[in-house]
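Here the structure comes first, spelled out in C-alpha cells, and everything after it is commentary.
Quick note: numbers below take in every heavy atom, side chains included, and nothing from hydrogens, waters or symmetry partners. Proteins get letters first, then strands, A, B, ... in listed order; numbering begins at 1 in each.
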Amino acid sequence: MPQHEPSALLHTVEIIHWSALAVMGLVYTIRLWWLLRFRATRDRQAPGNPARTDGRRGALYSLANVAMPWAMESTRRKPFFYATFVLFHLGVAAGIGLAFLSSLAPGLVAQPAYAAVSGTLLAVAFVVAVGRIVRRVVTPYLRLISSPDDYFSVIMLTFWFALGLLAQLYVAGVLAGEGYLVAFLLATSFFLIYVPFSKISHYLYYPFTRFWLGRTLGHRGSMPPVRA
Amino acid sequence: MSSDSRSYKAKVVTELLAKKLTRPLVASLVSCVHCGMCHQACHYALANPDDPRMTPSYKGDQLRKIFKRTYDWTGRVAPWWVSAKVPLTDEDLEVLKDIAFGTCTNCRRCTFNCPMGVDTAAVNRTMRGLLTAVGVMPEGVRVVSKDQWEIGNQMGVLKEDYLETLEWLSEELVAEVGDPAAAIPIDKKGAKVVYAINPREVKYDPRTITNAALIFYAAGEHWTMASDWWDQTNFGLFSGDDQLGGAAGRRLFERVAELGAEKLVISECGHGYRSTRCEAQNWAGVDVPFVMESAVITMINYIKEGRIKVDREKNSIPVTYHDSCNLARSCGITEEPRELLRLVVSDFREMTPNRQENFCCTGGGGAMSMSEYTPRRLKSAVIKAKQIADTGAKIVATSCHNCVDGLSDLIKYYKLGCQVKQLVDLTAEALVLEECAVRRTPQRVVTMPEPLPEVAAAPARDLPLAGRTVLVVDDEEDARTFIAAVLEDAGARIVYAADGDEALAVARRERPDLITLDLSMPGKDGVEAFTELRHDAELATTPVCIVTGHPEFRRVIYDRPVPPPEGYMDKPVDGEQLVKNVRRILDTAHAAA
C-alpha cells in the first residue's frame, strides 16, 4: 500500500481545505440564524378529528421520508430515479469522506476495500451526474425552471466526482501523481465555500422544511398519509 | 434593483412579502432543487404535456424569484445566477395572476410528492395573497371576496333569502316526516350543536340542508342554525387573504359562542372545513371554547351510538368516493367518509389513486369562480375524468361542495353519465326513520298526522303547481321536454320558447307566473333575454329560475345591473328539486306580493 506523504503543496492545499470547511461552518451558522429569524407559526386548532393527529409523529415521518421510497407516489413509481438519487448522494458522501480522511486517516482511504467501495461510488455518481446534466438539458420543463446555478451546481459536482475518483485511485496507489489529490482538495474547498450560496444548500434547509411540514400536517392528521 | 422603474403595485407586492414570511414558508422557498419530481403529481402538468409552465416548481418559482431578489444573499448580489427577479410592471403582475390563479388549484398533491417537503400550494397561496392585496385577481375572486366581506357569505345570500329558504325547507321537512319537531331551529340558545353550512346549499343545493336537518331530527339532536354569520366557507383560503380568512372565521366563532353551543358541526365542504377547523383560528389569532367537527364524523357517531339507523341496501347503485384535497391532504379526513359510505351504500368502489394521492376535482382553489380559466380547467380535468370512468360507478360521492361543482362540470364535459352526491344525501336516503332515536324516545310525544296522499292520486288542484303557468325556455328539445314534463306532472300549465326572442314574445303574450330560462341559446341568449325581461315594465317582476349547463355563467347573470334571478339550477336537473325550487320561488313571490 503506497504511503501518502504530503508535500508542501499538498499540505498547503489541506490547510486551504480545512479553512474552507471552517468558512462553510460559519456561513451555515449564519444561514440558520437567518432562517430562524423569520416568524414561527403556531397551530391553534385542537388535535383530533380525525382521531389520529400527532404533530410529533408527522414530523418524524416527514423527516424519514427520504429513506422511504414507497412513501411518495413520485418515488414509488420511479424506482430507477430514486436509485440514482441514492447513488448520487452516496457519491457525495464518498467524496466528502475521501476529502477529509485523506488527511485525517490516509492509511484508511488507501485500504483496497475502502478504495474499491469509495471509488465505485464516485464512479457511479459521476455517471448519474452526467445523466442529470443530460436530463436537465433535454427535458423542457426542467430547462424552464433551471437557473445558471442549477446547471453549474450539477456540472461542478460531476467534475468533483471525476476528480474524486482520480484522487481515490491515487491514494490507493493505482495512479501516480499527487496532482489528482491536490486538484480534488482544491475543488472540494471551492465546493465548500460555494455550496452555502447555491441550491446545494438544500441539504441544510430541507430537514427544517420537512420537519415543519410534517409537524403541521401531522397535527391535522394527514401525515403519515393513509394508503389503501 | 432599481425601485424607480417599478409600478406602484409591483412595489407594494414586493414590500408586502415581508409580512407574509414565516419559517415554514421561507424553508419552502429556499429548499427547492428544481428536480422536477412534482411534475408528475400535477393534473395540469399531466394533462398539458406540451406546456412546461404547468410544472408546480415553475409556479412556485414565481414567488421564489421575488424572495431571492429581495432576501437571498446570492439573489441580491447576482440575481441572474439564481433567476431572482421582482415584478416591474402591472403587466408582470397580470402574468403572475394567470399563473397563481389559473394554473394551480392549491390542491397540495405536489407537496406530498416533493422529496424536499416544499409546500408549493402554500407558496402559490402566498403569491395569490400578494396579488389580491393590490387588487390583481380574477373578477370572480373579487366578487366573491367582496360578498364575503360585505354580506357575510361568499355568495352574497341576503339574510331574508336565507331565512326564507330555511323556513321553506323546514315546512317541507315537517310535512315529509309528519312531526313539527322536525322543524329547523334558528338561533336556539343553549343548543348543543350549531350547524354551519356553505351558501351554495342555500342557493343551489337546498336538499343537503333538508337532509342534514332530517338526520339531526332523526338522531334527536339538540341543534340549531344561526340566523347570521352562518357561512362556514372562507374565500380567504383561495384568495390568499388572511385578513378575510380571519374575519370570516371570527364571525362564525363568535356566533357559535353567543349561542352557547358545545359543538360546531361543519357541513360537507372541503375548503370550508379546512378554513374553519384548521386555518381560521391561526388567521384570526383566536382560540375557541367549543369543539369543531365535520358533519361526516357527526353522522358516523350517530350511527355508532345507535341514534340513527341506516339501511345500506337503500343505496344499491355503484358508488365511488372522491377525496376532497382539503379534507384528505390538509386535514387527514380519509377514512371517516369511507367508513360512512360502507354503512350507507351497498356497492362502494375505490377510485385509484385515492386518499392523499387522489387527484383534484379541478374545481378547487376557487377555480369555479374564475370563468376565464374554464377551458384550461376542463382540459386538465381529463385526469379526473379517467379516474372516475375507471371505477364504473354511477354515483361519485364527495364531501365537498366545490368538488360537487367541479365534478359535475367535468362529468358533463366528458359525458361520463354519472351523478355527484354528498354523503349527507346518501345517509339521508339510507335512513330508517322508524328505528331512529327520535321515534324511540319514550318521553317524546309525536303526533303523527294522516299520511300525505300520493301525488299521482291527488286531484289536480292539490298538485304543488296547480293553476300556475310556467314558460320553459331552452333551445335543447330534450331539456325543454323534460322540464316541461316534470312541471306538468306537478300541475303547471306549460308554454315553450326555444330562444331569447321567442321567450320575450311568449312571455308578453302569456304572462307566465314563472320563467325557467336556459342561458346558452342561439340568437338572443338567456343573459340578454333576462336583462330585457328585467327592463320590461310589465314583465320585470316575473320570477325567473335560471336552468343552465354552464356554471361559469353564474357570475355573468348575477353581475347584471338588474335584480338577480329568483332561482338558479345547474343541469342536469333533478325533477324533484326543480319542482321544489319553482314552488319556493312562486310562494316567495306570492308572499312578497
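A donor-acceptor pair is defined here as one N or O able to donate and one able to accept, closer than 3.5 Å; no such pair exists between the side chain of A/Arg44 and the backbone of B/Trp283. Side-chain atoms of A/Ser74 come within 3.5 Å of backbone atoms of B/Asn113 as a donor-acceptor pair (strictly under, hydrogens ignored). Between the side chain of A/Arg39 and the backbone N or O of B/Lys19, at least one donor-acceptor pair lies under 3.5 Å. Formation of a donor-acceptor pair under 3.5 Å by the A/Asn49 side chain with backbone atoms of B/Met292 is found in this model.
Proximity to chain A is absent for every atom of B/Cys110, based on heavy atoms less than 4.5 angstrom apart. With a 4.5 Å cut-off on non-hydrogen atoms, A/Asp150 touches chain B through its side chain but not through its backbone. Interface remark: B/Val291 contributes no atoms to any contact with chain A (heavy atom separation under 4.5 Å). Of the two parts of B/Arg329, only the backbone, made up of N, CA, C and O, holds a non-hydrogen atom closer than 4.5 Å to a non-hydrogen atom of chain A. Within the 4.5 angstrom heavy-atom criterion, no atom of A/Ser201 approaches chain B. With a threshold of 4.5 angstrom between heavy atoms, A/Val27 approaches chain B through its backbone and through its side chain. Within the 4.5 angstrom heavy-atom criterion, atoms from both the backbone and the side chain of B/Glu293 approach chain A. Only the side chain of B/Arg108 comes within less than 4.5 Å of a heavy atom in chain A; its backbone stays farther off. Neither the backbone nor the side chain of A/Arg132 comes within contact range of chain B, judged by heavy atoms closer than 4.5 Å. Proximity to chain B is absent for every atom of A/Tyr82, based on heavy atoms less than 4.5 angstrom apart. Proximity to chain B (any heavy atom under 4.5 Å) is restricted, for A/Leu217, to the side chain, taken from C-beta onward. Only the side chain of B/Thr55 comes within less than 4.5 Å of a heavy atom in chain A; its backbone stays farther off. For chain B, the nearby part of A/Pro47 is the backbone; its heavy atoms alone come within less than 4.5 Å. No part of A/Tyr151 comes within reach of chain B, as not one of its non-hydrogen atoms sits under 4.5 angstrom from that chain. When heavy atoms are compared at a cutoff of 4.5 Å, A/Arg76 approaches chain B solely by way of its side chain, counted from C-beta outward.
Side-chain contact between B/Met116 and A/Tyr205 is absent, with no heavy-atom pair separated by less than 4.5 Å. Using a 4.5 Å cut-off on side-chain heavy atoms (C-beta onward), B/Arg23 and A/Leu36 make contact. With contacts defined as side-chain heavy-atom distances shorter than 4.5 Å, the pair A/Glu73/B/Gln40 does not qualify. Between A/Met72 and B/Pro115, some side-chain heavy-atom pair lies under the 4.5 Å cut-off. Counting heavy atoms from C-beta on, the side chains of A/Met223 and B/Gln356 never come closer than 4.5 Å. A 4.5 Å side-chain heavy-atom check between A/Trp212 and B/Asp119 finds every atom pair outside the cut-off. Side-chain contact between B/Thr111 and A/Leu213 is present, with at least one heavy-atom pair separated by less than 4.5 Å. When side chains are defined from C-beta on, B/Val30 does not count as touching A/Phe208, because their heavy atoms never get closer than 4.5 Å.
Heavy-atom pairs under 4.5 Å with chain A peak, among B/Trp73, B/Phe112, B/Tyr71, B/Tyr58, at B/Trp73. Counting heavy-atom pairs under 4.5 Å between each of B/Asp61, B/Thr334, B/Leu327, B/Ile297 and chain A puts B/Ile297 at the top. With chain A as the partner, the residue from B/Pro52, B/Ala18, B/Ala45 showing the most heavy-atom pairs under 4.5 Å is B/Pro52. Chain B forms the most heavy-atom pairs under 4.5 Å with one residue out of A/Pro148, A/Ala40, A/Gly218, and that residue is A/Pro148.
B/Asn282 approaches A/Arg220 most closely through the heavy-atom pair ND2-NH2, 3.9 Å. Looking at every heavy atom in both residues, B/Ser31 comes nearest to A/Thr209 through OG-OG1, 2.6 Å.
Ion pairing of B/Glu357 with A/Arg77 is absent here, as no side-chain N (NZ or NE/NH1/NH2) approaches a carboxylate O to less than 4.0 Å.
Atom CZ of A/Arg143 sits in a crowded spot, with more than 12 heavy atoms from other residues, nucleotides or ligands closer than 6.0 Å. At most 12 non-hydrogen atoms from other residues, nucleotides or ligands lie less than 6.0 angstrom from CZ of A/Arg57.
Between A/Phe152 and B/Trp81, a ring centre-to-centre spacing shorter than 6.0 Å is recorded.
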